[in-house]
Number of protein chains: 2
Amino acid sequence: MADGSMSRVTIFEVADLAGVSVGTVSKALNGRGQLRAETVERVRAAARDLGFEPSELAKSLLRGRTFTVGLLTSDSFGRFSIPLTSGIEDALGAGQISVFLCDARGDRVREQHYVRSLLSRRVDGIIVTGRRTDPRAPINDERLPVPVVYAYCQSSSPDDLSLLPDDYQGGQLAARHLLARGRRRLAHVTGPVRFAAVREREQGLRSVLDTAGVELPASRILAGEWTEAWGREAAGALLSQNPDVDAIFCGSDIIARGVADELREAGIRVPEDVALVGFDNWEIMAAATRPPLTSIDMNIEGLGKTAAHRLLAMIRGDALSGVERMPCRLVVRDSSGVSTLRDLSTEHDPSASL
Amino acid sequence: MADGSMSRVTIFEVADLAGVSVGTVSKALNGRGQLRAETVERVRAAARDLGFEPSELAKSLLRGRTFTVGLLTSDSFGRFSIPLTSGIEDALGAGQISVFLCDARGDRVREQHYVRSLLSRRVDGIIVTGRRTDPRAPINDERLPVPVVYAYCQSSSPDDLSLLPDDYQGGQLAARHLLARGRRRLAHVTGPVRFAAVREREQGLRSVLDTAGVELPASRILAGEWTEAWGREAAGALLSQNPDVDAIFCGSDIIARGVADELREAGIRVPEDVALVGFDNWEIMAAATRPPLTSIDMNIEGLGKTAAHRLLAMIRGDALSGVERMPCRLVVRDSSGVSTLRDLSTEHDPSASL
DNA sequence: AACGCCGCGGCAAAGGTTTTCCGGAACGTT
DNA sequence: AACGTTCCGGAAAACCTTTGCCGCGGCGTT
């Protein structure tokens, strides 16, 4: 009997079929009020037969909350957006919250348009994501009627809550790992210095080396593009100018891949001669590199989950703001040397030993 | 005066401020009915001052349409989901339609849950996406109250509308291109035969070679995994068993990359000795390959756009069904030989000359 | 026998907007 | 002066659901 061909079935038709009033139907279906068991069953049967599905629209209007949030990607969907979105959607979906997707494609006007659209749909909150961690203008000039969380991007307003990976700690992780592997002549091949992430990763690397009393001359820091070609070029330069380097920490897995290719083709063995650590832990890239690439994982999906949880807390009334950094973790593969020993540097605890 | 701190402003407050009734406010703001210009202006001013934004919820309830659609990714978000989603979101956003994002992660139960959730939110339609083009069970056992489009995946029910890239024609494109480049001893390194796309691309390749009277022995068709490692392995096998091959058409750019690496390291020149064509036109992969990879582009973003347009047509009442294939196009880079000549095989017209 | 209480279920308001219908005022016409 | 038009804006229904309040009937008690 389950027709359900048209979900235009309303509570009135269920009430008619069950021979009760609409209020009673609502109570029966939601387990409110005092109803005879027989009545409840009759209503349930009617609802089932008619394929009744209460309109979330009407509910939202009544309760003043929609259980929806907006996901506003300022930049277009990129590689990081996938795990980020997955994490957000996962955490929210479990709470029966639906997600509105908005891709502003880096267009400020479009972004404003989407914000208004989300507000008119009465979302309970908004998550803004990006593909760069550098500060950006907030989406609102004035105070918005709903809470906002910035995930994998940073609002330039300190009143907003921004969630970022801890690039500094990620750099430290790589440094500790390479030191633990006995390397002392490190180099760093990374992306454009205009990226905050580039600067922070380098600083993390430096902090550990400084503490350990290991030198890192400026000539062994090479900043370029986020490309394999740059990785190859930088590796070539290193080989000719700093041939004694025994470890290279790369600012991304893509760069690391270029470095690995260049080293191999130059007859340098990885990890025996030079140990290699990447950044991002981009599975498809790290696995295809020869040898498979040790890398720093920013745990973007976890960051997405956290962003969702923070937003929920703010919707519940908590007032959150400032920048929250999420720890990175080290994923060891062959490029930094095979070892059966547990590597202490994988500890998240910043006080972990070198 | 623009406060807007709380978008809880209703039409009633605007009416109060403007000294008119709510009906008049609605008419003034929407340009309906007969109103004095002075009245319209007064209402507009009041709405502006209060930061009034009409509730889409209330509108939806009234008009029986929400101007929202559900985007249901059966498989988790993958590489193809990005352009697909972009295309869909782009086409729908232009029509002021918002998108609900649902990632079922390949879980049938979760998928059903999402379908019910979308229906209870009264979406106007649903787009189902996947990352494989092979037929899959439809999301609905019975007829749904809203139209559904399958994009980059195929419903096993012929009553549904499915949009797919034309893998057959893509294979033809590659074949024509390589023939036009003067190659006659082709090989095909591709993914698992259980993928429909793998079979169709090979058939397209074959159809063109048959027509041209060019042989393609089974020993030059190598099916394996969608990995670079497989590409390298297959290329090695080809070199030892079919050293006279002068062109390789690969089932994906990833595979092609492995093939290219293996060839280069074996001292085979690309494209001089062996021309190479990939599939997917995955920019980051194609550009990083040495030499940059000629590839077949499935135009996934366009497919997403088309899916959105088809869904809109169905929402308007059109009855669409069956499988619609979208043409691929060839993107020429260095791996298939540099040429200043316009390549005839780039024509979409299937009747184009070889 | 009368009163009180409890179990059950109906009534109506509320939530925010659009739209139809209707009424009143002002103006023009005969 | 009376009637018809036109112009403007108000009242209320409709969309769908939840929930607080109220009423009615039956049962138990004194």
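Excluded from the calculations below are hydrogen atoms, water molecules and symmetry mates; all remaining heavy atoms, backbone and side chain alike, are included. Each chain gets a letter, A, B and so on, in the order its sequence line appears, and its residues count up from 1.
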Check the distance between [N]'s [atom2] and [X]'s [atom1] and give it to me in whole angstrom.
{"X": "B:Gln34", "N": "D:dT5", "atom1": "CD", "atom2": "C1'", "value": "13 Å"}
{"X": "B:Arg42", "N": "D:dG9", "atom1": "CZ", "atom2": "C1'", "value": "11 Å"}
{"X": "B:Glu13", "N": "C:dT17", "atom1": "CD", "atom2": "C1'", "value": "14 Å"}
{"X": "A:Leu35", "N": "D:dT19", "atom1": "CG", "atom2": "P", "value": "14 Å"}
{"X": "B:Arg32", "N": "C:dT20", "atom1": "CZ", "atom2": "P", "value": "9 Å"}
{"X": "A:Arg63", "N": "D:dT19", "atom1": "CZ", "atom2": "P", "value": "9 Å"}
{"X": "A:Lys59", "N": "D:dT18", "atom1": "NZ", "atom2": "P", "value": "5 Å"}
{"X": "A:Leu29", "N": "D:dT19", "atom1": "CG", "atom2": "P", "value": "12 Å"}

**Asked** Does the distance from a Lys or Arg side-chain N to an Asp or Glu carboxylate O, for B:Glu53 and A:Arg122, drop under 4.0 Å?
**Response**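 Salt bridge between B:Glu53 and A:Arg122, a charged N being under 4.0 Å from a carboxylate O: no.
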**Item:** Note: B:Glu111-B:Arg136 ion pair, threshold 4.0 Å (strictly below)
**Value:**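 Salt bridge: yes.
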**Item:** B:Arg116 CZ: over 12 foreign heavy atoms closer than 6.0 Å
**Value:** no
**Request:** Check whether any side-chain nitrogen or oxygen of A:Ser21 sits under 4.0 Å from OP1 or OP2 of C:dG10, and answer yes or no.
**Result:**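 For A:Ser21, the contact criterion (side-chain N or O under 4.0 Å from OP1 or OP2 of C:dG10) is met.
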**Prompt:** Taking the side chain of B:Thr10 as heavy atoms from C-beta outward, which of D:dT18, D:dC16, C:dG16 is closest to it?
**Reply:**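 Between D:dT18, D:dC16, C:dG16, the one nearest the side chain of B:Thr10 would be C:dG16.
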**Item:** Nucleotide of C:dG16, D:dC8, D:dT17 approaching B:Ser55 most closely (side-chain heavy atoms)
**Value:**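 Of C:dG16, D:dC8, D:dT17, C:dG16 is nearest to the side chain of B:Ser55.
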**Request:** Give a yes or no on whether a donor-acceptor pair under 3.5 Å exists between the nucleobase atoms of D:dG20, that is its base, and the side chain of A:Lys27.
**Result:**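 Result: at least one qualifying N/O pair found.
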**Earlier contact from the 5' end, DNA chain C, for B:Thr24 and A:Leu61** = A:Leu61
**Prompt:** Starting at the 5' end of DNA chain C, which residue's closest nucleotide do you reach first, B:Leu62 or A:Leu62?
**Reply:** A:Leu62
**Asked** Taking the inter-plane angle between the rings of A:Tyr152 and A:Phe80 on a 0 to 90° scale, is it parallel (under 30°), tilted (30 to 60°) or perpendicular (over 60°)?
**Response**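 Correct class here is tilted.
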**Prompt:** When all nucleic acid strands are considered with a 4.0 Å heavy-atom cut-off, which category describes B:Ser60: base, sugar-phosphate, or nothing?
**Reply:**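 Result for B:Ser60 = nothing.
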**Request:** Would you mind classifying the nucleic acid contact of B:Ser26 as base, sugar-phosphate or nothing, using non-hydrogen atoms under 4.0 angstrom?
**Result:**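 Base contact - B:Ser26 has a heavy atom under 4.0 Å of at least one base atom.
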**Request:** Search all heavy atoms of B:Ala46 against all heavy atoms of B:Ala18 and return the closest pair with its distance.
**Result:**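 Looks like CB-CB, 4.0 Å.
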